[in-house]
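I have placed the structure first, in the form of structure tokens, so that the comments after it can refer back to it.
Each ligand, and each atom within it, is numbered from 1 in the order the structure gives.
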Amino acid sequence: QEVATRDAEKTEDKILYKRLAKHNYKEARGEGAAYAKLTSAAYHKCTHILCSGFEDGAFFLHEMPDFNLIHSLSISDQSIISIEFNKPGDWIALGCAGLGQLLVWEWQSESYVLKQQGHFNNMSCLAYSPDGQYIATGGDDGKVKVWNTSSGLCFVTFNEHLGGISGVAFSQSGQVVVTASLDGTVRAFDLNRYRNFRTFTSPRPVQFSSLALDSSGEIVCAGGLDVFEIFVWSMKTGRLLEVLAGHEGPISSLAFSTGHAILASTSWDKTVKLWDIFESKGSRETILLGSDVLGLAYRPDGAEVAVSTLNGHISFWDVHSAVQTGSIEGRPDLGYSRKELDKITAKKSAGGKAFTSLCYTADGQCILAAGRSKNVCIYSVADQILIRKFEISCNLSFDGMEEYLDRRKMTEWGSLALVDEAAEDGKTSIALPGVKKGDMSSRHWKPEVLVSCVRFSPT
Ligand SMILES: *[C@@H]1O[C@H](CO)[C@@H](O)[C@H](O)[C@H]1NC(C)=O
Ligand SMILES: *[C@@H]1O[C@H](CO)[C@@H](O)[C@H](O)[C@H]1NC(C)=O
Ligand SMILES: *[C@@H]1O[C@H](CO)[C@@H](O)[C@H](O)[C@H]1NC(C)=O
């Protein structure tokens, strides 16, 4: 908790530093304050202001060289990892990695210029507004954020959900955002008054895994993960209208066609069901697929659906006749990758790769597809060929990036990732199968590279 001002004396070939003064943060932090580590600091040369941040979220402004306290504030309870002054020295930017937070503070007027925070965990779903101006995102942290696509800034965050968000949709008017969550609620948010104006629930708690909103914005549907039913509510009254039963596995996705209000639902029971919400009870059509269905997208004209399955295929179906019109074998395009702890080759583990998110272009000519892989693919629907492939990351710190085993990471006992780092008395100890010894939490762990949702801008 000390800072020393130093002066450099330049001699012929080396720099000598000399301590001029030693100051203590005791006075600034208060005599009885708990010990906290200094984590970041910045000094502005012209105004002689020193800003220092601590691991408990507190930061201080001192005037140098006398170390006079100007301000002491706290932004959160998380460590401030980075501080920077702007050139004139009136704005201070503070970065907080634990919360994914960036603050820009004007110290003279004591006001925030900018306050931005990302999702704390994985972002799980996103939706464009119909005019393409906003993006709404839902995260595993239960937060729903709405971003301005031209400035890239988030302008509202909704915290009402208590569990991870699994689906988000904009109404056709662009004024309402609807979200489904694993906490058992579906909520509607008003983008004019920034409030949660409707909450939809099922008679008994259900983890909602998917969401669809019809084009009039009157009907809200959500599918269950633990209960294999689809719930249909009225947006106007908030009442449950119907429960659609028929699927025999978790519902993986829901989508409404534009115009006809035909709801398509996909499930792990290897079927796609088409429901006419207004006309009849029960499903109108059932399409059988040979593999678990993971994702579905309607062509913008509503006449065709694209369906992705666990075997890595994307198949195309005519909605009116339920006849298959095409198929794409996508597994080679998802790429082969070998995870660090995999004991099988990349080609074998590609067996688990599939597309989980699909989206048509506005003209219906192409389809965007991504899943548990670093690759995002664009296919031509008519020709059923790959047009482009993007890699979302080239950061090798993620798991699932490499196709082959790295020889440098191999030891004579196997992969280095399987070797416990905290070895007793300096010797490397190998974790044998079934042996639970040492600190399990110290196990080396890498986040896996994957894409949870892809969308084209409607414009
Ligand atoms: C993020 O998602 C991945 C894959 O679904 C999961 O394994 C991981 O635990 C998630 N991370 C957090 C922090 O929830
Ligand atoms: C979005 O950002 C643009 C450019 O910065 C700005 O002109 C526009 O007013 C913003 N819209 C909203 C709703 O904040
Ligand atoms: C690469 O990924 C790791 C793990 O998520 C992360 O800690 C690191 O900051 C990333 N590096 C870059 C340059 O983004």
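Between F155 and Y134, a ring centre-to-centre spacing shorter than 6.0 Å is recorded.
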So S209 and S166, side-chain hydrogen bond (donor to acceptor under 3.5 Å, both in side chains) or not? Walk me through it. CA-CA 5 Å; S209 59; S166 51; over 6 Å; no
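Atom numbering of ligand 2 starts at 1 in the shown order; those under 4.0 Å from a heavy atom of N148 are 1 (C), 2 (O), 3 (C), 8 (C), 10 (C), 11 (N), 12 (C), 14 (O). In the vicinity of S151, heavy-atom distances shorter than 4.0 Å reach the ligand 2 atoms 2 (O), 5 (O). Counting the atoms of ligand 2 from 1 in the order shown, those under 4.0 Å from a heavy atom of S150 are 1 (C), 2 (O), 3 (C), 4 (C).
A donor-acceptor pair shorter than 3.5 Å can be found between the side chains of S216 and D214.
Judged by distance alone, with hydrogens and angles left aside, the side-chain atoms of S252 form no donor-acceptor pair with the main-chain N or O of W268 at under 3.5 Å.
With contacts defined as side-chain heavy-atom distances shorter than 4.5 Å, the pair L358/I314 qualifies. Between I219 and L241, some side-chain heavy-atom pair lies under the 4.5 Å cut-off.
A heavy-atom cutoff of 4.0 Å around ligand 3 is satisfied by the protein residues N395, S397, F398, P447.
Annotation: Y134 places no N or O atom under 3.5 Å from an N or O atom of ligand 2; distance criterion only.
Atom CH2 of W147 has more than 12 neighbouring heavy atoms from other residues, nucleotides or ligands inside a 6.0 Å radius.
Screening W105, Y25, F54 for a ring pair (Phe, Tyr, Trp, His ring centres under 6.0 Å) with F59, the sole residue that qualifies is W105.
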